[in-house]
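Written out below as structure tokens is the structure these notes cover.
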Amino acid sequence: AHLNGIKGMATASTARHLLRPLLGITKTEILNYLKKHKIEYRLDGSNNNTDFSRNRLRNNIIPQFSKLNPNYEQTFKETLQNLTQTSEFLEEQCKIWLKKYAAKLQIQLEKFLKEHRAFQKQLLVHIYKKIHGSTKKLTNKHLEEVMSVIELKQSGKKKEFGPGTFLEVVRGPKKSTHYIRLEQQN
């Protein structure tokens, strides 16, 4: 959900102990290098099987983009770099914001609602990832449903926020204050 999926794979993931050193290199660049250095290589036949959506994209759709824009690969790479930088910046801003306006599993509702809607959603994505370890099961539809509950500002309104977790709007010690509370059930 959100920028996590569209920014693409990272060249390195310390959490997964994974390194993808060739991710930023095009197939053409690799083939040219192999040819220049007379290195033999093998092709995986399954890469031509268009039953897989990634292969349909790779073999049918991306070449069409390249016909429309010969600089497509470079433009796309730059866009992904920009999205990655934006995502990293937003993650840092989420940490700063939550440190300032959240305590334990409660968030100041009024402060949350003063933020831009895109940042509100990014905060929720950040919290979801922190609780559940990933955002694989978090959809934009679910985010919108959670946002609807929050925007009602009605104490007692609850919404599931991933497996075993609920988000609830609660009244604070002062009747005019409300909080977003996250509740984990075992």
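Computed over heavy atoms, backbone and side chain alike; hydrogens, waters and symmetry mates excluded.
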On the ring face of Tyr179, is Arg181 found with NZ or CZ under 6.0 Å from the centre and within 45° of the axis?
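The answer is no; the distance or angle limit is not met.
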Thr50 side, atom OG1; Asn59 side, atom CG - distance, nearest 0.5 Å:
7.5 Å
Quick check for you: to the nearest 0.5 Å, what is the distance between Glu88 atom CD and Gln93 atom CD?
13.0 Å
Salt-bridge criterion met for Lys159 and Glu168 (N-O under 4.0 Å)
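Looking at Lys159 and Glu168, the cut-off is not met.
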Between the side chains of Glu144 and Arg117, is the shortest nitrogen-to-carboxylate-oxygen separation below 4.0 Å, so that they form an ion pair?
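Judged by the 4.0 Å cut-off on N to carboxylate O distance, Arg117 and Glu144 do form a salt bridge.
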Report the C-alpha separation of Leu113 and Lys153 in whole Å, then their side-chain angles, then the decisive distance to 0.1 Å, and conclude whether the side chain to side chain contact (heavy atoms under 4.5 Å, CB included) test is met.
CA-CA 10 Å; Leu113 292 174; Lys153 296 196 290 187; 3.3 Å; yes
May I ask you to check whether [X] and [Y] show a side-chain donor-acceptor distance below 3.5 Å?
{"X": "Glu91", "Y": "Gln122", "result": "yes"}
{"X": "Gln74", "Y": "Glu78", "result": "yes"}
{"X": "Glu110", "Y": "His178", "result": "no"}

Is a side-chain donor or acceptor of Thr135 paired with a backbone partner of Leu138 at a separation under 3.5 angstrom?
no
Parallel, tilted or perpendicular: ring planes of Trp97 versus Phe119, cut at 30 and 60 degrees:
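Geometry flag for Phe119 against Trp97: perpendicular rings.
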Kindly state whether the ring of Tyr101 and the ring of Phe112 have centres lying under 6.0 angstrom apart.
no
